[in-house]
Amino acid sequence: MAKQPSLGTVDERELAMKIRAGDKAAMGVLYRKYIGHLSSVCHRYLSDADDVSDVLHDGFLKIFTQMDKYHYAGEGSMRAWATRIVVNRALNFLRERNRLNMMVSGGMQGKEIADDEPDVEIVSPDELHLLIRQLPDGYRTVLNLYAFEDYSHREIAQMLGIKEATSASQLHHAKALLARKIKELRKKKI
């Protein structure tokens with residue numbers, strides 16, 4: 001039985017070449033190497049575990065079947081490419097199910113909209129992740145694209161078919177709601 005390479009030392013160019021040739025063992029290596037990261041990415045966009053599973057399945061299928069479109073651009077480029085595929089699958093999933101309805105400013109009462117940035121330092125990463133998953137889909141999506149994926153409001157607007165101002169508003173409301181949820185969680189801990 002051939003020894004499999006350590007997941008940390010896999011050469012991305014070689015892995016891509018093997019996957020393009022239909023090597024199932026190479027597909028397994030890619031899956032094991034990125035499943036944790038891509039699962040986390042999916043969970044940032046989708047709150048339902050079954051939805052996450054569906055999007056991951058579709059994402060990996062696309063990764064394997066579209067490997068000919070991957071171009072090596074340095075170490076880590078395969079992870080970045082796979083992440084973009086999964087983010088796009090998650091966005092398509094939300095769009096297809098009409099769950100990207102952007103809430104308008106009137107959706108939150110004035111007292112809930114604060115200029116405070118969420119104090120993320122007072123909660124654990126797991127708690128923060130859970131609180132983000134509780135945000136409405138539109139808020140959560142824009143927050144993730146802006147804060148985690150580093151897209152500008154212009155890029156987000158193009159991706160989601162909304163106006164830049166709507167993207168900025170969604171981010172503002174997401175931060176305000178997240179700040180309120182963090183404060184509530186902190187009160188429960190005291």
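Worth saying up front: this structure is predicted, and the values here are computed from it rather than measured.
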How long is the gap from [atom1] on [X] to [atom2] on [Y], to the nearest 0.5 Å?
X: Ile156; Y: Thr141; atom1: CD1; atom2: OG1; value: 10.0 Å
X: Arg79; Y: Leu38; atom1: CZ; atom2: CG; value: 8.0 Å
X: Asp51; Y: Phe93; atom1: CG; atom2: CZ; value: 3.5 Å
X: Glu164; Y: Thr166; atom1: CD; atom2: OG1; value: 10.0 Å
X: Ser167; Y: Glu155; atom1: OG; atom2: CD; value: 10.0 Å
X: His129; Y: Leu131; atom1: NE2; atom2: CG; value: 10.5 Å

Practice prompt. Would you mind listing every salt bridge (charged side-chain N to carboxylate O under 4.0 Å, His left out) that reaches into residues 136-147, with sequence neighbours excluded?
Written response: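 Listed once each, the pairs are Arg99-Asp137, Asp137-Arg140.
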
Practice prompt. Can you run down the salt bridge (charged side-chain N to carboxylate O under 4.0 Å, His left out) pairs that involve residues 82-98, sequence neighbours left out, and say none if there aren't any?
Written response: Asp58-Arg89

Worksheet item: With sequence neighbours excluded, what pairs up with Lys181 under the side chain to side chain donor-acceptor pair (under 3.5 Å) test?
Response: none

Practice prompt. Would you please name every residue forming a side chain to side chain donor-acceptor pair (under 3.5 Å) with Asn144, sequence neighbours left out?
Written response: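 Asn144: side chain to side chain donor-acceptor pair (under 3.5 Å) contacts with Arg44.
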
Would you check if [X] and [Y] make a side-chain contact, meaning some heavy-atom pair closer than 4.5 Å?
X: Ile162; Y: Leu160; value: yes
X: Thr83; Y: Glu149; value: yes
X: Gln134; Y: Ser47; value: no
X: Leu171; Y: Leu145; value: no
X: Cys42; Y: Val87; value: no

Closest approach of [X] and [Y], non-hydrogen atoms and distance?
X: Leu143; Y: Ala174; answer: CB-CB, 4.2 Å
X: Leu46; Y: Leu94; answer: CD2-CD2, 3.7 Å
X: Leu30; Y: Ile63; answer: CD2-CG2, 4.0 Å
X: Pro136; Y: Leu177; answer: CD-CD2, 3.7 Å
X: Val86; Y: Gly59; answer: CG2-CA, 4.4 Å

Do you reckon [X] sits in the same ILVMFWY cluster as [Y], going by side-chain contacts under 4.5 Å, direct or chained?
X: Val52; Y: Leu130; result: no
X: Leu185; Y: Ile122; result: yes
X: Met78; Y: Ile35; result: yes

Which pairs would a plain distance check flag for residues 20-28, meaning a side-chain donor or acceptor within less than 3.5 Å of a matching protein atom at least two apart in sequence or in another chain?
from  : atom 1 : to    : atom 2 : distance (Å)
Arg20 : NE     : Met67 : O      : 3.1
Arg20 : NH2    : Met67 : O      : 3.3
Arg20 : NH2    : Tyr70 : O      : 2.7
Asp23 : OD1    : Ala25 : N      : 2.9
Asp23 : OD1    : Ala26 : N      : 3.0

With [X] via side-chain contact (heavy atoms from CB on, under 4.5 Å) - residues at least two apart:
X: Gln158; result: Arg154
X: Leu61; result: His57
X: Thr65; result: none
X: Asn88; result: Leu91, Met159

Worksheet entry | His43: partners by ring-ring contact (aromatic ring centres under 6.0 Å, His included), with sequence neighbours left out |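 Expected list: none.
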
Practice prompt. Check ring-ring contact (aromatic ring centres under 6.0 Å, His included) between Tyr146 and all other residues, then give those that pass, not counting sequence neighbours.
Written response: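 For Tyr146 the ring-ring contact (aromatic ring centres under 6.0 Å, His included) partners, ignoring immediate neighbours, are His153.
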
Item to complete: Determine which pairs satisfy ring-ring contact (aromatic ring centres under 6.0 Å, His included) with at least one residue from residues 10-38, sequence neighbours left out, and list them in order.
Response: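 Applying ring-ring contact (aromatic ring centres under 6.0 Å, His included) to every pair that reaches into residues 10-38, excluding sequence neighbours, yields Tyr31-Phe60.
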
Worksheet item: So which of Arg180, Arg186, Lys188 actually passes side chain to side chain donor-acceptor pair (under 3.5 Å) with Glu184?
Response: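 It is Arg180, the one option of Arg180, Arg186, Lys188 that forms the side chain to side chain donor-acceptor pair (under 3.5 Å) with Glu184.
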
Discussion item. Treating Glu127 as the side-chain partner and Ser124 as the backbone partner, does any N or O pair qualify as donor plus acceptor under 3.5 Å?
Written reply: yes

